[in-house]
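Since the structure comes first, as structure tokens, the remarks are kept for the end.
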Amino acid sequence: MFVITLRFLDKARAPQLMDGHNAWIRSGFDDGVFLLVGGLQPNLGGAILAHGVSREEIEARVQADPFVEEGVVAAEILAVSPARVDDRLAFLKD
């Protein structure tokens, strides 16, 4: 499982790339990789919970985000090995 943070570096350019960024997010959900996407508060960027792919695959996917490609955000990928989870999230232990 991965927690990805996307922290703004150049927020002023974000609106120009938002359509591409949203398409990238949609692709992550369509492919079954993204479980959750939300904003870092207060308006610092975004966060993504992802699973079911290798480190190399998630790195390639993150690099394909137009926000990352164009330097609008700095991405950080944290690998998490779930040790204890609520039954509703048991699939994350695989």
Side-chain angles (χ1 to χ4, degrees):
M1 178 176 79
F2 299 96
V3 175
I4 302 145
T5 60
L6 304 170
R7 293 189 170 266
F8 281 123
L9 297 173
D10 188 356
K11 198 181 306 184
R13 291 184 51 224
Q16 301 164 2
L17 300 166
M18 190 59 74
D19 288 344
H21 176 69
N22 285 334
W24 174 81
I25 290 171
R26 199 168 28 260
S27 174
F29 278 105
D30 290 347
D31 294 343
V33 175
F34 293 170
L35 300 174
L36 174 146
V37 172
L40 294 175
Q41 300 305 314
N43 201 23
L44 299 174
I48 301 165
L49 182 61
H51 88 120
V53 294
S54 69
R55 176 74 187 211
E56 293 77 20
E57 290 170 308
I58 202 66
E59 286 175 355
R61 184 176 290 270
V62 168
Q63 289 304 312
D65 176 4
F67 277 9
V68 174
E69 288 178 328
E70 297 295 325
V72 172
V73 297
E76 181 178 15
I77 301 170
L78 303 170
V80 179
S81 298
R84 183 175 174 185
V85 299
D86 182 280
D87 288 343
R88 295 170 290 177
L89 300 175
F91 68 95
L92 292 175
K93 289 186 78 171
D94 295 337

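Because the structure is a prediction, the values reported are computed rather than measured. The first residue in the sequence is number 1, and the count goes up from there. Note that these values count all heavy atoms, side chains included, but never hydrogens, waters or copies made by symmetry.
Under the 4.5 Å side-chain heavy-atom criterion for grouping Ile, Leu, Val, Met, Phe, Trp and Tyr, Trp24 is not connected to Leu9 through any hydrophobic cluster. Leu49 is not connected to Val73 by any chain of hydrophobic side-chain contacts under 4.5 Å among Ile, Leu, Val, Met, Phe, Trp and Tyr, and they are in different clusters.
Under the side-chain hydrogen bond (donor to acceptor under 3.5 Å, both in side chains) criterion, Glu57 pairs with Ser54, sequence neighbours left out. Judged as a side chain to side chain contact (heavy atoms under 4.5 Å, CB included), and not counting sequence neighbours, the contacts of Ile77 are Phe2, Ile4, Arg55, Ile58, Glu59, Val62.
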Sequence neighbours excluded and cut-off under 3.5 Å, please list the side-chain donor-acceptor pairs for residues 64-72, or say none.
unit_1	atom_1	unit_2	atom_2	d
Asp65	OD1	His21	ND1	2.8
Asp65	OD1	Phe67	N	3.0
Asp65	OD2	His21	ND1	3.2
Glu70	OE1	Arg13	NH2	3.3

Please tabulate, one pair per line, all N/O donor-acceptor pairs under 3.5 Å involving side-chain atoms of residues 30-47, not counting sequence neighbours.
unit_1	atom_1	unit_2	atom_2	d
Asp31	OD2	Ser27	OG	3.4
Asp31	OD2	Arg61	NH1	3.3
Asp31	OD2	Arg61	NH2	3.0

Show every donor-acceptor pair shorter than 3.5 Å between a side-chain atom in residues 81-92 and any protein atom, with sequence neighbours excluded, or say none if there are none.
unit_1	atom_1	unit_2	atom_2	d
Asp86	OD1	Arg88	N	2.8
Asp86	OD1	Arg88	NE	2.9
Asp86	OD2	Arg88	NH2	3.3

